J.: 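Questions regarding the structure given below will be posed in turn.
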Protein chains: 2
Amino acid sequence: MKETKKRTFTCGLDAAIAVMGGKWKGLILFALQDGPLRFGELRRAVPGISERVLILQLREMETTGLLHREVYHQVPPKVEYSLTPFGHSLNTAMAPLGEWGEEHLERIETIPWDQTG
Amino acid sequence: MKETKKRTFTCGLDAAIAVMGGKWKGLILFALQDGPLRFGELRRAVPGISERVLILQLREMETTGLLHREVYHQVPPKVEYSLTPFGHSLNTAMAPLGEWGEEHLERIETIPWDQTG
DNA sequence: GCTCATACTTACATTCGTGTATGTACCTGG
DNA sequence: CCAGGTACATACACGAATGTAAGTATGAGC
């Protein structure tokens, strides 16, 4: 999802995928939908993600304007991440996709992913 | 999007992203929503995709059950791709995402993608 | 016999995404 | 003085995803 130039998109879906694409961003958005979370809380809320990748994703999403980063100058440090209105709107737009996934979860899990290459 | 083992998902959104993830599958689904297309037509309908990548994506989507491949034994060869009901349902679920992208297209295009790394 | 068109296949190269392991800064508490 | 906790940064590496370029098969038409 990293680009060296200003992108142009063929359609809205293309643009949306560029913003929420990748394995984690959708899950991060969903984790934050009920309110702000600290870095450590987010890491626990998104099982399987590594610290490094989580940071990279958060940075990207901050740059794209999906979320807000609030630093509290304390020791030990405290940083809270929350959705911007932009992020909320994307979350709303992704909701049907999440429902679709849940509806067809069984079918999706039985897909022979190792035969797709 | 290729996996060596049977996957399990943390939520529906995770599963949905695994199915429609990547740069192209969403666009291919959208291109096919109005009816079947031949390989060459699809290539023109999805600007920027290479033949090889298009084939790989189509193979994957056939395996996941999103689309159907119909071969006509002619010369020159003719192959038509069409959405299955499963593919149609995913397409419907992605529609709000496409609308969101179009609504915010200007904002998305001005995102400094090269500063996200 | 040569070219054309379509729908691929194959070989190779490159970039991207993701992951592991380790180090850093800061103050607190023992 | 040393360990602990938080939120990172940095170095390194692997495999997946994507791309480029070329070749294949078939029969039609000239």
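Letters go in sequence order (proteins before strands), and every chain restarts at 1. Fair warning: this is a prediction, and the values are worked out from it, not measured in the lab.
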J.: Atom CG of A:L54 to atom P of D:dT6: distance rounded to whole Å?
T.: 14 Å
J.: Quick check on DNA chain C: between A:W24 and B:Y81, whose nearest nucleotide comes earlier from the 5' end?
T.: B:Y81
J.: Using only side-chain N and O atoms of A:Q57, determine if any of them is under 4.0 Å from OP1 or OP2 of C:dT18.
T.: yes
J.: Nearest whole Å is fine: how far is D:dC8 P from A:E80 CD?
T.: 12 Å
J.: Verify the contact: side-chain N or O of A:K23 to OP1 or OP2 of C:dG19, cut-off strictly under 4.0 Å; return yes or no.
T.: yes
J.: Which residues in residues 30-46 of chain B have at least one heavy atom lying under 4.0 Å from any atom of DNA chain C?
T.: B:R38, B:F39, B:G40
J.: Using whole Å, what does the distance between atom P of nucleotide D:dT6 and atom NE2 of A:H73 come to?
T.: 19 Å
J.: Take atom CZ of B:R59 and atom C1' of C:dT10, then tell me their distance rounded to the nearest Å.
T.: 13 Å
J.: Counting just side-chain N and O atoms, does B:R69 come under 4.0 Å of either OP1 or OP2 of C:dC8?
T.: yes
J.: Reading nucleotides 23-30 of chain C from the 5' end, what letters show protein touch, with B for base, S for backbone sugar-phosphate only, - for no heavy atom under 4.0 Å?
T.: ----B---
J.: Counting side-chain heavy atoms from CB outward, which of C:dA11, C:dG19, C:dC8 is closest to B:V79?
T.: C:dC8
J.: What's the CG-P distance between A:L56 and D:dA9, to the nearest Å?
T.: 9 Å
J.: Give the rounded distance in Å between these two atoms: CD1 of A:I49 and C1' of D:dA7.
T.: 15 Å
J.: Could you list the residues that satisfy side-chain contact (heavy atoms from CB on, under 4.5 Å) with A:E102, not counting sequence neighbours?
T.: none
J.: Going by the rule side-chain contact (heavy atoms from CB on, under 4.5 Å), which residues pair with A:R44 if we only count those two or more places apart in sequence or in a different chain?
T.: A:E41
J.: For A:E62, check salt bridge (Lys or Arg N to Asp or Glu O under 4.0 Å) against everything at least two apart and list the hits.
T.: none
J.: With side chain to side chain contact (heavy atoms under 4.5 Å, CB included) as the criterion, how do A:Y81 and A:V79 come out once you've worked through the C-alpha distance, each side chain's angles and the decisive distance to 0.1 Å?
T.: CA-CA 7 Å; A:Y81 294 89; A:V79 180; 3.8 Å; yes
J.: Mind checking what makes side-chain contact (heavy atoms from CB on, under 4.5 Å) contact with A:Q74, not counting sequence neighbours?
T.: A:Y72, A:K78
J.: With sequence neighbours left out, what residues match A:L105 under side-chain contact (heavy atoms from CB on, under 4.5 Å)?
T.: A:E109, B:F9, B:A15
J.: Under 3.5 Å, side-chain donor or acceptor atoms of residues 82-100 of chain B against the rest of the protein: list the pairs with distances, not counting sequence neighbours.
T.:
| from | atom 1 | to | atom 2 | distance (Å) |
| --- | --- | --- | --- | --- |
| B:T84 | OG1 | B:G65 | O | 2.6 |
| B:T84 | OG1 | B:L66 | O | 2.9 |
| B:T84 | OG1 | B:F86 | N | 3.4 |
| B:T84 | OG1 | B:G87 | N | 3.1 |
| B:S89 | OG | A:W100 | NE1 | 2.9 |
| B:S89 | OG | B:F86 | O | 2.6 |
| B:N91 | ND2 | B:L29 | O | 3.0 |
| B:T92 | OG1 | B:H88 | O | 3.0 |
| B:W100 | NE1 | A:S89 | OG | 2.8 |
| B:W100 | NE1 | B:H104 | NE2 | 3.4 |

J.: Enumerate the residue pairs fulfilling side-chain hydrogen bond (donor to acceptor under 3.5 Å, both in side chains) with a member in residues 30-40 of chain B, sequence neighbours excluded, ordered by first and then second residue.
T.: none
J.: Rounded to whole angstrom units, what separation is found between the CZ atom of A:R52 and the C1' atom of C:dG19?
T.: 8 Å
J.: A:I55 has an atom CD1; how far is it from atom C1' of C:dG19, in whole Å?
T.: 13 Å
